[in-house]
Each structure stands twice: as C-alpha cells, then as structure tokens.
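Notes follow once the structure below has been shown.
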Amino acid sequence: MAENLVIVESPAKAKTIEKFLGKDYLVKSSYGHIRDLAKKEFGINIKKNYEPHYIISPDKKKIVAELKKLAQESAQVWLASDEDREGEAISWHLAEVLGIPPEKAKRIVFHEITKEAILKAIQNPRPIDQNLVNAQQARRVLDRLVGFELSPVLWKKVKPSLSAGRVQSVAVRLLVEREREVLNFNTVPVYRVVAVFEVAGSDGKITELKAELDKKFNTREETMAFLESCKVAEFVVEGVETKPVKKSPSPPFTTSTLQQEASRKYGFSVSQTMTIAQKLYEGGKITYMRTDSVNLSDLAIGTTKKAILKEFGEKYLKTRQYKTKSRGAQEAHEAIRPTYMEHSEIAGPANEKKLYELIWKRTIASQMSEALLEKTTVNIRISNRKETLVATGEVLLFDGFMRVYRESTDDENGENGSELIPPLKQGQALNMESIEAMQRFSHAPARYTEASLVKKLEELGIGRPSTFAPTISTIQTREYVVKEDRQGTIRTLDGLKLKDGKITGFIKNEKTGFEKSKLFPTDIGIVVNDFLTEHFGNIVDFNFTASVEEEFDEIADGKMVWYEMIHRFYKPFHEQVDLTQKTSSRSSGERSLGNHPETGEPVVVKIGRYGPMAQIGIANEDTKPRFARLAKGQLIETITIEEAIKLFALPRSIGDFEDAAVTVGIGRFGPYIRHKSAFYSLKKGVDDPMTVDLDRAMVIIIEKRTADLMRVIKEFDEEPELKVLNGRFGPYISFKKKNFKIPKTTDPATLSLEDCKALIAKSSNDK
DNA sequence: CAGTGAGCGAGCTTCCGCTTGACTT
C-alpha cells in the first residue's frame with residue numbers, strides 16, 4: 001500500500017503526476033466536485049445563516065467510497081485540486097468527507113504539470129483556506145437561490161419547465177437585444193466612389209492605382225454632379241505618407257479563444273471543439289483545455305523556443321509572457337498548448353489533427369517576432385472639388401509570426417487595403433482611367449454565433465471555461481434560442497461609371513441577410529427575457545456578476561462574512577419574487593395585429609400551450625376562434641397580419657387515395673401529409689405544403705410504406721407486439737413500445753421468439 | 001412524434017461549476 005494518497009480533479013492529470021512521484025505515491029482523481037447542495041428546500045437553511053446542506057452527488061458515490069478507503073489506508077493525504085475558488089472547495093469537501101481536519105489537511109497546488117513544480121508543491125503544503133472556501137459557498141448558494149426562485153416564477157407566469165439563472169438569462173438577454181438591434185436597423189444606401197489611375201513606372205510598365213473618395217454621397221444626383229466635374233478635372237498627388245507598422249501575435253489559447261478560432265476557421269460548434277480538445281488532452285497531446293490563463297510554463301517557452309530556432313531561425317524568435325486580461329480570471333492552469341512542442345502534427349482523426357495543428361501554430365506564433373509592414377497612404381487632389389481621393393497600401397517587409405499563424409476575425413466583409421502602391425511623387429499628375437460609384441448599404445451589427453457569444457460573456461466576466469459550452473447548449477435545449485442558417489435575399493445596387501469622358505449607369509446584385517449558424521432568439525426566449533428585465537432587472541443586468549464577484553473577492557480576503565453578503569442580496573430579491581408572484585399577470589407576449597380584412601374578426605399572435613400561435617376571432621357562445629402555429633423563422637414581434645392569415649390555409653385537403661382523404665399540414669416537426677390517421681413527412685426543400693398535389697402525395701405514402709417494411713427484420717404471429725427492427729443504431733427489439741438491445745455477436749435474423757423474450761428479461765434484470 | 005389552444009387539477013420542472021463516460025431507437 002502506498003504511503004501517500006494524492007487527490008487531483010482530473011484522471012488524466014492523475015496519470016501524468018503519478019509518473020513523476022514514484023512508488024510511494026498513489027495519485028487518484030475526484031472527478032471534479034464530489035458534493036453539491038441537496039435539491040430539497042434549496043439545500044439551504046435560509047433561517048440558519050443560509051447553512052448549506054450538501055449531499056454526495058449520486059454519480060460520485062462510488063469514487064467517494066473508494067477514496068475514503070484509500071485515505072484510511074494511507075499515512076498522508078495530499079489534496080491537490082486546482083488553485084482557485086472551486087478547487088479550494090473541492091479540497092474542503094474531500095477533507096470533510098474523508099474525515100481530515102482542515103487544519104491538518106495537506107493542501108498543495110501547482111500551475112503546471114512538471115516534475116519540478118509538483119515536487120516543489122509537495123514540499124510546501126498549507127492548510128485549507130477557509131475564506132476561499134466560503135467565497136465558493138457564497139457563489140454556490142447565490143446561484144441556487146437565483147435559479148430556484150426565479151425559475152418557478154416563470155413556470156407560473158410564462159410556461160412550465162422554463163429556467164432562469166445568473167448566467168443563462170444574461171446570455172439570452174444579449175441575443176434578444178442584438179436581434180432587436182438587427183430588426184430595427186435602418187439601412188441606408190450611400191454611393192461609394194473609387195477611382196482607378198494608370199501610373200507609368202520608370203521601366204514604362206503601367207500599374208493600376210485604386211483610390212477611394214473620402215466622402216460618400218447620399219443621392220444619385222450628388223454622385224452624378226461629382227462625376228460630371230471629374231470629366232474635366234485634373235488629378236494630382238498631394239502627399240505620400242509611408243509609415244512602418246508592427247503586428248504582434250495573439251497570446252496562446254484559452255478555452256474561449258480556442259472556441260472562437262475553431263469556429264471561425266473550421267466552423268466547429270463550441271461543444272464540438274471541447275469534445276475534440278478533451279480527446280487530445282486525454283491522449284496526453286495538449287495541456288488542460290478548460291482554462292482562462294494565457295500563461296506558458298518556463299519549460300513550454302523553452303521547448304517552443306527550440307522549435308522556432310530549428311524551423312525558422314533566430315530572426316523569428318521573440319519569447320514573451322502574456323498577461324490575462326479577461327475579467328474574473330482565476331488562472332489555475334496554463335494556457336492551452338501542445339504537451340510536446342517538437343510535435344508539429346499528430347496522428348489521429350481529421351478533426352483532432354486540425355485542432356492540434358491550430359493549437360501548435362498559435363503557441364509557436366505567440367513566441368515569434370512581430371510582423372513588419374509598411375503602410376502607405378496617398379492623397380490625390382481633384383482640381384475642381386474639395387474632396388480628396390485616398391489610396392492605401394500595405395507591404396509586408398517581414399512576415400514574423402504570420403509565417404505560421406494568422407488570427408481570423410468575426411467580421412466577414414473585412415476589406416483590407418493590401419494592394420501594392422507604385423512609387424509616386426508629390427505634385428505628380430495622374431492619368432485617370434475610370435471612376436466608379438457604387439451603392440453600398442450600411443449593415444446592422446452581426447448576430448452572434450455560439451463562439452462570439454462566448455467571447456462576449458467572457459468579456460462581461462460571466463460564466464467560466466467549464467461552463468461556456470454547457471450554457472450555450474442549455475439556452476438551446478430550453479428553446480430560448482435556435483442555431484440556424486437564413487437564406488437571405490438579393491438586393492439590387494445602383495452603379496455609375498465614368499470612363500472615356502462618358503458616364504454610364506449599371507446595376508449589381510448583392511446577397512443580403514444571409515446567415516450561417518447564427519443564434520436567433522425564439523418567441524419564448526423573447527417573452528422570458530422581457531419578463532425578467534421588467535421584474536428582475538438587477539439580476540439580468542450585465543454588471544450583476546461583476547459586482548457580486550467583487551464581494552466574493554472580499555469574502556476570499558476575509559473582509560466579509562459570506563452569509564451576511566448573501567443575506568443582503570437575498571432579502572430584497574426574495575421580496576421582489578413574492579411581489580411578482582402576487583401582482584404580475586401572465587405573460588404570453590400577446591400582440592394584436594388588427595382585424596381580418598374580410599370577416600372583421602380580431603387577429604392576435606401569442607404564446608399558447610404548445611408554443612407561438614396565431615388566433616382569429618374570440619371565444620364566446622356563438623363563435624369559436626381558429627388557431628394556427630407560427631411557422632419556423634416567424635416571430636410574434638415581427639409577423640404581419642397577412643403572414644398570419646396565410647397560416648390558416650393549412651391544413652388543406654388535396655383529394656382521396658384508397659377511399660380516404662389526404663390532407664396536408666404543418667406540425668411541430670414540419671410539413672406532413674395525413675392519410676388514414678398516419679403521418680408522412682414532406683421532403684425538406686423538395687415539397688411545398690402549399691402546392692403539393694395528390695400524385696406527389698401518393699408517391700410519398702408508398703415510399704414510406706416500403707421503407708417501413710424494410711425496417712422489420714422479424715415478426716411473430718404469436719406475439720404481434722414483439723418485433724425485431726432495424727433502427728438508427730442498428731437492429732433492436734421492440735416490445736410494448738419499449739426498446740431492447742441485441743448483443744453485437746448475435747445475428748438478428750436468427751432470433752426466435754424465445755431468444756427475444758430472454759433478451760428482454762435479461763435487460764429488465766440489469767435495471 | 002405531427003391533430004390541440006381549458007383553468008376538476010397530481011406531481012414534476014429549475015441554478016452554476018468542477019469532472020468524465022454512458023449510450024441512445
């Protein structure tokens with residue numbers, strides 16, 4: 001039996017550390033937190049100074065029992081969870097559960113997984129920092145109180161099963177506010193003018209020089225007048241300015257910057273990025289992937305330096321240490337970097353290779369020289385106008401870090417003046433080749449992607465590296481938000497061109513409103529957000545987290561008592577919850593669209609029991625209202641009365657087949673055909689429910705019937721409720737609406753009724 | 001799975017932050 005038991009948070013970390021420590025040390029992992037607040041009565045005794053009631057999480061019972069046993073058998077237990085608020089609390093919970101008095105606990109911390117760092121940590125144990133633990137308890141209790149008091153208000157006032165919380169509700173608010181900015185954006189066209197000049201070099205070769213006018217015109221008339229004057233104008237170089245520009249590399253990856261870059265460069269969702277990174281981490285290929293630190297260990301900087309010298313030479317080397325700038329960072333780990341910098345690539349699945357290379361390049365680049373550019377600006381005077389034409393160009397003098405890595409931006413229509421400027425002298429007259437004026441529309445702020453929302457949350461200090469991906473998925477599973485593509489429309493732009501003394505008009509088409517994998521708030525998201533901002537504005541305030549974080553820091557410094565801080569927050573908050581429960585009315589987001597043009601009945605849209613819907617007419621003794629669900633992409637806030645009325649064209653009857661009526665409608669899962677009480681989905685992008693005809697419907701019905709036949713591997717006359725079917729995950733047994741697995745070694749076609757029943761019985765016994 | 005659109009109303013839902021697998025119909 002080992003003399004020493006070391007407990008860390010992550011099993012992969014345990015494996016690595018065990019190698020450094022040798023035989024006398026057994027290194028185990030707690031798999032994160034082992035206890036949490038009970039669910040009953042908040043798990044908090046509000047009357048008794050908010051005393052938390054912790055229980056061992058069900059999925060941790062096994063590991064806790066194992067750790068308990070090992071702790072008893074060991075002479076010493078080293079608590080080596082991360083050095084931050086949560087890590088300190090994990091150690092404290094472990095000490096409590098394993099029966100170690102906190103003052104006797106051997107708490108050790110290290111920020112990098114190297115032999116030196118760990119041996120040093122072992123030599124410097126300390127007691128558990130109770131103040132830091134209390135800061136964590138305050139954080140935990142506050143989040144529970146907010147979440148478990150606000151959510152039930154929503155169940156009562158909006159819809160059951162909804163949720164609210166310090167983090168998710170702000171995330172939704174950001175999306176709702178951005179959506180409104182986009183929808184209310186007033187786009188205005190202006191004319192942008194670009195002139196092309198021909199410049200002869202010393203060798204007689206002609207190069208083009210493009211210059212943009214420093215003014216944009218609002219009307220066609222103004223633009224025409226400008227071009228008219230250019231017909232007779234002379235163009236002279238007024239000034240040439242060149243200045244050197246340095247570009248520095250970005251710091252190494254944190255969780256949030258990795259999610260952003262993987263999204264921009266490869267289109268990965270944030271959870272996809274985290275799953276791939278987890279694989280790389282478990283395989284020992286990268287350091288820990290949930291971090292807010294940009295710090296690199298000395299060892300890492302050393303090996304990075306070596307790799308740069310070997311691949312690119314001394315000219316490209318410039319080592320540096322970066323400082324974290326994000327709010328509330330706790331820096332328990334290093335930045336995300338390759339474990340071994342000498343491996344510029346790895347073997348494995350394509351996505352893992354891609355992400356690894358991205359991390360490798362980013363890390364390498366962070367220790368490379370700045371890129372040197374020369375930026376040139378040329379001002380060109382127009383003899384008969386006061387406006388100036390400006391040409392800008394950039395020349396790369398030394399690539400530096402850009403040789404391996406360039407960061408992408410969220411701005412898709414980024415236009416960089418990176419053209420080469422021919423040598424020019426002040427006072428030089430230029431030969432105008434043509435001038436083009438093109439309409440350009442101002443565009444609304446961009447909608448958030450998953451990754452850009454994470455970026456924003458991090459800027460506001462809301463959420464942690466371990467919760468960014470789960471938060472993004474929570475707001476989607478609650479259906480506050482959908483991730484979607486939008487087709488967009490074509491818009492026609494007006495253009496004017498001056499060439500050879502003549503002005504001609506032309507048009508150009510441009511795609512607008514096109515969106516790819518963007519987050520859109522739903523009606524539920526909007527209604528919940530408006531309700532929360534109206535009644536609990538302080539909780540969904542963008543600075544709420546930042547201000548409570550300041551108080552948590554005070555608690556951690558021993559300058560504030562944690563439950564007193566909670567009390568100051570809870571008292572007014574709870575009163576507000578009570579007041580809202582009692583006085584506010586139900587919130588359905590109802591919006592009146594006016595009256596039906598033919599029948600005069602009122603048309604309204606609101607959230608009903610089954611989601612957003614339109615209603616024509618009101619319920620009373622003689623009239624019954626009609627209902628229709630809103631289509632995908634339609635919002636209560638923006639739908640027009642015409643669009644709403646159109647929804648009532650469905651379901652429509654399209655004829656008879658096999659002596660039964662065939663109808664077409666749109667349901668919760670999209671457009672469908674209904675025939676003899678069976679449903680058949682319409683093909684996405686192929687069939688339109690408004691135009692689909694009987695012939696096409698018959699084809700769909702027959703296709704579905706054949707597909708269903710193929711699905712059946714075996715049926716039994718004696719037991720019609722039992723079937724062997726082919727499903728998404730392979731063959732399975734279906735019995736009384738329940739499904740059962742078939743062992744992979746068994747050929748499903750050979751199963752007898754008895755075999756199936758045996759498999760069902762076996763599966764039931766396992767549970 | 002998809003149709004519906006009220007108030008007889010059981011019992012349930014829910015937070016954030018640490019960690020990984022389990023395992024889908």
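Quick note on labels: first sequence line is chain A, next is B, and so on, each numbered from 1.
In this structure, the side chain to side chain contact (heavy atoms under 4.5 Å, CB included) partners of A:Glu703, at least two apart in sequence or on a different chain, are A:Lys683, A:Val699. In this view, A:Tyr281 and A:Tyr288 satisfy the ring pair (Phe, Tyr, Trp, His ring centres under 6.0 Å) rule, not counting sequence neighbours.
Judged by distance alone, with hydrogens and angles left aside, the side-chain atoms of A:Glu88 form a donor-acceptor pair with the main-chain N or O of A:Asp129 at under 3.5 Å. A:Asn45 places no side-chain N or O within donor-acceptor distance of the main-chain N or O of A:Glu51, the cut-off being under 3.5 Å.
Within the nucleic acid shown, A:Ser81 has no heavy atom closer than 4.0 Å to any nucleic acid atom. No engagement by A:Val146 is indicated, since no non-hydrogen atom pair under 4.0 Å with the nucleic acid exists. Within the nucleic acid shown, A:Gly608 comes within 4.0 Å of at least one base atom, counting heavy atoms only. Note on A:Gly611: a base of the nucleic acid sits closer than 4.0 angstrom, heavy atoms only. Residue A:Phe468 is out of contact with every strand shown, counting any heavy-atom pair closer than 4.0 Å. Contacts of A:Gly463 with the nucleic acid, taken as non-hydrogen atoms under 4.0 Å apart, involve only primed sugar atoms and P, OP1 or OP2.
A donor and an acceptor atom sit less than 3.5 Å apart, one in the side chain of A:Arg139 and one in the base of B:dC16. With hydrogens and angles ignored, a donor-acceptor pair closer than 3.5 Å exists between the side chain of A:Tyr610 and the base of B:dT4. You'll find a donor-acceptor pair under 3.5 Å spanning the side chain of A:Arg674 and the base of B:dG3, going by distance alone.
Between A:Phe679 and A:Pro465, the one whose closest nucleotide on DNA chain B sits nearer the 5' end is A:Phe679. Residue A:Leu37 is the one, among A:Leu37 and A:Met289, whose nearest nucleotide of DNA chain B lies closer to the 5' end (criterion: closest heavy atom).
There is a side-chain donor-acceptor pair under 3.5 Å between A:Ser81 and A:Ser91. For the residue pair A:Ser57/A:Arg35, the side-chain donor-acceptor check at 3.5 Å is not satisfied.
As a whole-Å value, the separation of A:Met274 CE from B:dC18 C1' is 12 Å. For A:Asp82 and B:dT19, the CG to P distance is 6 Å, given to the nearest whole Å. Note: CG (A:Asp59) to P (B:dT19) measures 14 Å, nearest angstrom. The distance from atom CD1 of A:Ile618 to atom C1' of B:dG5 is 15 Å, rounded to the nearest whole Å. Atom CZ of A:Phe42 is separated from atom P of B:dC16 by 14 Å (rounded to the nearest Å). In this structure, CG of A:Leu94 is placed 13 Å from P of B:dT19, rounded to the nearest angstrom. The distance from atom CD1 of A:Ile462 to atom P of B:dC15 is 16 Å, rounded to the nearest whole Å. Between A:Phe627 atom CZ and B:dT4 atom P the separation is 10 Å, expressed in whole Å.
Between B:dC18 and A:Arg464, a contact under 4.0 Å exists linking OP1 or OP2 to a side-chain N or O. The shortest distance between the side-chain N/O atoms of A:Arg166 and the OP1/OP2 oxygens of B:dG17 is below 4.0 Å. Distances shorter than 4.0 Å separate none of the side-chain N or O atoms of A:Gln136 from OP1 or OP2 on B:dG17. Using a 4.0 Å cut-off, no side-chain N or O of A:Tyr680 falls inside it from OP1 or OP2 of B:dA2. Regarding contacts with the backbone of B:dT20, a side-chain N or O of A:Ser10 is found under 4.0 angstrom from either OP1 or OP2. Proximity of A:Arg290 to the phosphate of B:dT19: a side-chain N or O atom is located under 4.0 Å from OP1 or OP2. Contact between the side-chain N/O atoms of A:Thr467 and the OP1/OP2 oxygens of B:dG17 is found at a separation under 4.0 Å.
In this structure, of B:dT20, B:dG5, B:dC18, it is B:dG5 that holds the atom nearest to the side chain of A:Met613. When each of B:dT20, B:dG17, B:dC15 is scored by its nearest atom to the side-chain atoms of A:His33, the top-ranked nucleotide is B:dG17.
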Practice item. May I have the step-by-step check of side chain to side chain contact (heavy atoms under 4.5 Å, CB included) for A:Leu162 and A:Ile524, ending in yes or no? Key: CA-CA 9 Å; A:Leu162 294 175; A:Ile524 292 282; 4.0 Å; yes
Review point. Could you write out DNA chain B as a dot-bracket string, with dots for unpaired bases, | for bases paired across to another strand, and Watson-Crick or G-U pairs counted at under 3.5 Å?
Key: .........................
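Under the 30°/60° scheme for interplanar angles, the aromatic rings of A:His535 and A:Phe531 are found to be tilted. Using bins of under 30°, 30° to 60° and over 60° for the plane-to-plane angle, the ring pair A:His675/A:Tyr680 lands in the tilted bin.
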Show the atom names and distances, to 0.1 Å, of all donor-acceptor pairs under 3.5 Å that link a side chain in residues 601-618 of chain A to residues at least two apart or in another chain.
residue  : atom : partner  : partner atom : Å
A:Glu601 : OE1  : A:Thr599 : OG1          : 2.8
A:Gln615 : NE2  : A:Gly617 : O            : 3.2

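Pairs of residues two or more places apart, or lying in two chains, that qualify as salt bridge (Lys or Arg N to Asp or Glu O under 4.0 Å) and include a residue from residues 7-18 of chain A are A:Lys13-A:Asp82.
A side chain to side chain contact (heavy atoms under 4.5 Å, CB included) with A:Thr291 is found for one member of A:Gln330, A:His333, A:Glu331 and no other, namely A:His333.
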Check your understanding: If the sugar-phosphate is the primed atoms plus P, OP1 and OP2 and the base is the rest, what is the B/S/- string for nucleotides 9-14 of chain B, using protein heavy atoms under 4.0 Å?
Key -> ----BB
